[in-house]
Asks: 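Below is the structure I would like to discuss, written out as structure tokens.
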Amino acid sequence: MKNKYKKILLIAGIAVFIIGLCVSIGFNIYQAYFGWDSYLQDTDEIYIMEAGIISNNLEFKEGTDYELQYDFSHENYQTLKSKYKLESTAKQGTEFERALRLMDEYAPRLTHKSNYDNSTNLSALDLLEYSLNNKNHGINCRAKAQILNEMCLSLGIYARKVWIMPYSKYDGDCHVVNEVWDSSLNKWVMLDITNNEYWVDENNTPLSVLEIRSKAALKEFCTPVEAGDKTGNLQKLKDKNIGDFIYIVKNMVYMEYCTEYTVGESKEFYLLMPQNIPSKYELIISKNSIERCPVK
């Protein structure tokens with residue numbers, strides 16, 4: 001009798017296994033041919049879509065030839081330099097190298113909070129007092145970029161905040177980054193303190209906002225690099241940072257600039273606006289104004 005029950009249980013177990021195997025095979029065949037999730041895009045497909053949007057809006061409106069202003073003499077700078085020992089942190093090197101060390105020191109110590117209410121006065125001293133090493137006092141990308149910008153200006157480095165903006169009028173999310181003028185490269189270089197990253201091309205050359213935008217549109221190689229990353233295998237870094245890559249490219253349609261970079265923000269802003277996007281905004285700046293050397 002026991003052997004009979006054992007034989008029944010064995011047959012039942014085999015039957016359950018076969019049924020489960022058939023269900024699994026059938027599910028995979030259905031997925032392969034009918035694709036329940038075929039409308040879900042992978043990162044390559046998302047990038048193709050984003051690159052196409054920028055490519056269709058690659059050229060900018062003529063705009064005004066305007067000299068953005070950079071303040072190196074604000075009374076707050078000396079306090080900022082001494083209180084946070086900025087010269088010791090930045091050390092020696094190119095403008096980009098010094099700014100990168102500042103970013104890498106402070107980015108991990110500033111908690112991100114996208115819905116920060118901007119209640120603290122928009123100056124590096126006040127923002128650092130409020131948020132530095134305080135996980136309960138997160139701040140947004142705009143505030144973080146203000147901190148890095150004032151730090152750079154206090155050390156005599158030409159620096160500016162740049163709002164990078166999406167295409168869709170329904171997309172309420174944008175991003176704010178910094179650019180510094182590097183005299184050895186003779187161009188602007190983007191720094192993203194929120195993600196503690198900069199971007200490079202296939203030759204490991206640091207890139208500006210507009211260079212990233214152009215390469216993204218033309219599907220040429222570029223990648224975010226986190227400060228401290230080893231850059232021997234750039235494709236591997238791109239794969240690792242693909243989420244940040246997609247996010248930044250999404251926000252590369254048009255740009256916004258302060259008229260003056262100092263402690264706090266200017267009341268007026270200039271837009272660098274694509275030709276194909278209608279805008280009634282009057283303060284449109286030329287591409288040349290953004291790309292040229294700021295040093296007089």
Side-chain angles (χ1 to χ4, degrees), residues 40-55 58 89-91 93-112 114 140-141 144-145 147-149 151-152 157 159-166 173-182 184-253 255:
L40 297 178
Q41 295 176 305
D42 62 26
T43 52
D44 287 339
E45 292 172 326
I46 295 172
Y47 174 43
I48 289 171
M49 176 182 66
E50 293 176 343
I53 290 172
I54 303 173
S55 181
L58 191 57
T89 300
K91 299 179 182 177
T94 67
E95 293 91 341
F96 166 65
E97 291 169 343
R98 295 164 69 205
L100 181 61
R101 293 187 191 104
L102 290 173
M103 182 179 75
D104 192 33
E105 171 65 27
Y106 287 94
R109 299 167 64 186
L110 296 166
T111 298
H112 185 68
S114 58
N140 56 23
C141 56
K144 291 183 182 183
I147 291 171
L148 182 58
N149 217 70
M151 286 182 170
C152 290
I157 299 171
R160 63 193 185 197
K161 290 197 303 184
V162 184
W163 280 255
I164 55 176
M165 309 295 286
D173 173 74
C174 66
H175 194 46
V176 186
V177 296
N178 298 90
E179 283 188 310
V180 298
W181 178 263
D182 188 275
S184 65
L185 296 172
N186 196 37
K187 68 186 186 73
W188 292 96
V189 176
M190 188 183 92
L191 295 167
D192 181 1
I193 186 173
T194 300
N195 295 306
N196 198 22
E197 291 173 342
Y198 62 101
W199 285 56
V200 300
D201 64 11
E202 71 280 5
N203 298 314
N204 202 25
T205 302
L207 301 173
S208 70
V209 167
L210 295 189
E211 287 173 327
I212 296 167
R213 182 182 188 273
S214 177
K215 286 185 174 294
L218 301 175
K219 298 189 69 181
E220 297 175 353
F221 184 86
C222 60
T223 182
V225 177
E226 188 172 347
D229 274 345
K230 295 181 179 179
T231 56
N233 188 332
L234 293 176
Q235 182 60 53
K236 184 177 180 180
L237 283 183
K238 184 176 180 179
D239 294 339
K240 177 177 80 85
N241 297 321
I242 191 63
D244 294 342
F245 179 93
I246 292 296
Y247 177 70
I248 294 298
V249 173
K250 185 269 291 187
N251 288 314
M252 278 285 177
V253 177
M255 288 77 205

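Quick note: numbers below take in every heavy atom, side chains included, and nothing from hydrogens, waters or symmetry partners.
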Asks: Show your reasoning for whether side chain to side chain donor-acceptor pair (under 3.5 Å) applies to Asn241 and Asp244.
Replies: CA-CA 6 Å; Asn241 297 321; Asp244 294 342; 5.9 Å; no
Asks: Is Lys144 reaching over with its side chain to a backbone N or O of Leu110, donor-acceptor style, under 3.5 angstrom?
Replies: yes
Asks: When you compare the side chain of Ile246 with that of Tyr47, does any pair of heavy atoms fall below 4.5 Å?
Replies: yes
Asks: Is the backbone of Leu58 close enough, under 3.5 Å, to the side chain of Arg213 for a donor and an acceptor to pair up by distance?
Replies: yes
Asks: For residues Ser114 and Asn140, determine if any side-chain heavy atom of one lies less than 4.5 Å from a side-chain heavy atom of the other.
Replies: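 No, every pair of side-chain atoms sits at 4.5 Å or beyond.
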Asks: Mind checking whether Val189 and Trp181 have side chains closer than 4.5 Å, heavy atoms only?
Replies: no
Asks: So Met165 and Val253, do their side chains get closer than 4.5 Å, heavy atoms only?
Replies: no
Asks: I want to check something: taking the side chain as every heavy atom from C-beta on, are Leu185 and Pro206 in contact at a cut-off of under 4.5 Å?
Replies: yes
Asks: Under the 3.5 angstrom rule, does the side chain of Asp229 hit a backbone N or O of Thr231 as a donor-acceptor pair?
Replies: no
Asks: So do the side chains of Leu191 and Phe96 get within less than 4.5 Å of each other, counting heavy atoms only?
Replies: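 In short, these two side chains touch, coming nearer than 4.5 Å.
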Asks: CD/Glu50 to CD1/Ile48 distance, rounded to the nearest 0.5 angstrom?
Replies: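 Between Glu50 CD and Ile48 CD1, I get 11.0 Å after rounding to 0.5 Å.
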Asks: Side-chain contact test, heavy atoms from C-beta onward, threshold under 4.5 Å: evaluate it for Cys222 versus Glu220 and give yes or no.
Replies: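 With C-beta onward as the side chain, the pair stays apart.
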Asks: If I take atom CD1 from residue Ile242 and atom OG1 from residue Thr223, how far apart are they, to the nearest 0.5 angstrom?
Replies: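 These two atoms lie 7.5 Å from each other.
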Asks: Looking at Leu102, is its backbone amide N or carbonyl O close enough to the side chain of Glu105 to form a donor-acceptor pair, meaning the two atoms are under 3.5 Å apart?
Replies: no
Asks: Is the closest side-chain heavy-atom distance between Asn196 and Met103 below 4.5 Å?
Replies: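 Yes, side chains in contact.
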Asks: Check whether Asn178 reaches the backbone of Ala145 with its side chain - one donor and one acceptor, N or O, closer than 3.5 Å.
Replies: yes
Asks: Charged N to carboxylate O under 4.0 angstrom, Arg160 versus Glu179?
Replies: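 Looking at Glu179 together with Arg160, the answer is yes, because their closest N to O distance falls below 4.0 Å.
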